[in-house]
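Everything numeric here is computed off the predicted structure, so don't read it as measured data.
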Amino acid sequence: IIGIFLAFSFGIGKVFLIVSVLLLFLVFLMIKGIRNKSYNFIIGIFCILSLISGIFHINNYDTTHQSALKSTIGQKGWIHGTVISSPDISSKGHHYSVIVKVHEIELKDKTKALDGNMRLFVSIRDNSAPRINENIMFYTELLKPDFKEGTFDYELYLKTKNIYATGFTNIIYPDRNTKYSSTLYEKFMVSCRNLRESINNQLEKLFAYDADACAVIKGILLGDKTDFSETLTENFSTSGISHIAAVSGLHLSILFSVLCGLLGFFKIRKKFVSFIILPAILIFSAVTGFSPSVCRAGIMLTMYMFAL
């Protein structure tokens, strides 16, 4: 954490000087520790390596991640991409936004391949919102997120969600182009998004009589609060239970406990339990979007299963 903070605040050059001093101090600890038969210097090695990893993480994340998309900021053209999120309707109902994984942009003189995520704002009008995993095309100008209010920085907020550009359009079209290649990870995430969308549709059918009930269930199971009304959001906030509708380690722990209870009831041998629970943890984490809190809990539960 200190490495990330230093690199982000002061730049790599100044932080490199700090790390050099710390490395000299580490060498001193190693010499002293070996002489006194003390192994505290191992802790020093761990701390220094952690610091360096934080520095390189923020440097790599800020300079190379999705650089192809960032290089086209300010250009207008036809964007081809895949929708990877459910529509988020604005409070006034004039537009909705979706996250689009961009594949390419058609400029006046050339077509340029891209690989990155953008947030697209679409006027509602008569447009039907696209489905998750639907290939779409639209004309827009790629913009750099630029909004700050107090301590809130919209660009940094989007960066935490791997989004590096925004755009506005009045209409979108289905893209029949299927030449885009996908990695194994992307295919896995497509399957998980399809599963999430299927669960969403089933919940909407089951709770068609009560929109608020449906929104709460979606929040608890999937961490999806896009259907929360203003009144519902205010009630959750006033009651101090907003965390229930944000999928976290709590939800994964409940899933883990239920599965362990069921497997214990059916007397499944312990060494086979991991082969059932670990895939379930992975799928649940993927369906809920690999939020940091779920990833933390998933890693700890996985370590626990290996320890058993």
Side-chain angles (χ1 to χ4, degrees), residues 53 57 61 65-66 81-88 98-101 103 115-117 130-135 160-163 178 180-207 214-227 243-308:
S53 69
H57 168 76
Y61 190 85
H65 195 66
Q66 302 198 38
T82 303
V83 178
I84 61 174
S85 74
S86 299
D88 184 7
V98 289
I99 299 173
V100 178
K101 177 177 174 54
H103 300 301
D115 182 19
N117 300 332
R131 301 186 307 276
I132 288 182
N133 295 326
E134 183 178 347
N135 290 328
T160 65
K161 299 180 179 295
N162 292 331
I163 301 170
T178 57
Y180 311 120
S181 59
S182 300
T183 63
L184 185 62
Y185 170 75
E186 288 173 340
K187 291 177 180 177
F188 172 70
M189 291 306 296
V190 166
S191 300
C192 290
R193 289 197 294 265
N194 282 332
L195 177 59
R196 180 187 177 94
E197 191 71 2
S198 177
I199 294 172
N200 255 327
N201 293 335
Q202 291 300 319
L203 289 175
E204 287 174 359
K205 290 179 182 178
L206 286 171
F207 296 93
C214 184
V216 171
I217 296 297
K218 281 184 181 181
I220 293 174
L221 291 181
L222 305 173
D224 181 3
K225 295 191 288 186
T226 54
D227 293 338
H243 62 281
I244 293 177
V247 171
S248 62
L250 169 68
H251 300 73
L252 198 56
S253 299
I254 293 172
L255 173 66
F256 178 77
S257 301
V258 170
L259 287 175
C260 284
L262 288 174
L263 294 174
F265 177 78
F266 290 107
K267 298 181 179 179
I268 305 295
R269 296 177 66 181
K270 277 189 176 180
K271 63 181 181 179
F272 296 121
V273 169
S274 298
F275 293 104
I276 300 172
I277 290 183
L278 292 181
I281 289 174
L282 177 62
I283 292 171
F284 179 80
S285 301
V287 168
T288 55
F290 284 118
S291 66
S293 54
V294 171
C295 286
R296 281 197 302 271
I299 290 170
M300 296 309 297
L301 290 174
T302 301
M303 292 174 66
Y304 174 70
M305 294 305 301
F306 277 119
L308 290 178

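Of the N and O atoms on the side chains of Thr82 and His103, at least one donor lies less than 3.5 Å from an acceptor on the other residue.
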Working for side-chain contact (heavy atoms from CB on, under 4.5 Å), residues Val98 and Asp88: CA-CA 6 Å; Val98 289; Asp88 184 7; over 6 Å; no

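Side-chain contact between Val83 and Arg131: absent, with no pair of heavy atoms (C-beta onward) separated by less than 4.5 Å. Taking 4.5 Å as the limit, some side-chain heavy atom of Asn200 sits within range of a side-chain heavy atom of Glu197. At a threshold of 4.5 Å between non-hydrogen side-chain atoms, the residues Arg296 and Ser248 do not count as touching. Between Leu301 and Leu252, the closest side-chain pair of non-hydrogen atoms falls below 4.5 Å. In this structure, Phe207 and Gln202 have side chains that are not in contact, with every pair of non-hydrogen atoms separated by 4.5 Å or more. Looking at Ile277 and Leu263, their side chains come closer than 4.5 Å, going by heavy atoms from C-beta outward. The closest side-chain heavy-atom distance from Val294 to Ser291 is below 4.5 Å. Between Ile132 and Ser85 there is no side-chain heavy-atom pair separated by less than 4.5 Å.
Annotation: the span from Leu222 atom CG to Leu203 atom CG amounts to 6.5 Å, rounded to 0.5 Å. Atom CG in Asn117 sits 4.0 Å away from atom CD1 in Ile84 (nearest 0.5 Å). From Leu250, atom CG reaches atom NE2 of His243 across 6.5 Å, with rounding to the nearest 0.5 Å. Between the CZ atom of Phe256 and the CE atom of Met300 there is a distance of 11.5 Å, given to the nearest 0.5 Å. Rounded to the nearest 0.5 angstrom, Ile283 CD1 and Leu278 CG are separated by 11.0 Å. Atom CD of residue Glu134 and atom CZ of residue Arg193 lie 12.5 Å apart, to the nearest 0.5 angstrom.
Between Met189 and Ala286, the shortest heavy-atom contact is CE-O, 4.1 Å. What you find for Phe290 and Cys295 is that their closest heavy atoms are O-SG, 3.7 Å. Closest non-hydrogen pair, Phe284 versus Leu221, comes out as CE1-O, 3.8 Å. Across all their heavy atoms, Val287 and Cys192 have their closest contact at CG2-O, 3.9 Å. Shortest non-hydrogen contact noted between Val247 and Ser293 is O-OG, 3.4 Å. Looking at every heavy atom in both residues, Asn133 comes nearest to Val190 through ND2-O, 3.1 Å.
Within 6.0 Å of the OH atom in Tyr304, the count of heavy atoms belonging to other residues, nucleotides or ligands does not exceed 12.
Here the side chain of Ser198 pairs no donor or acceptor atom with the backbone of Asn194 at under 3.5 angstrom.
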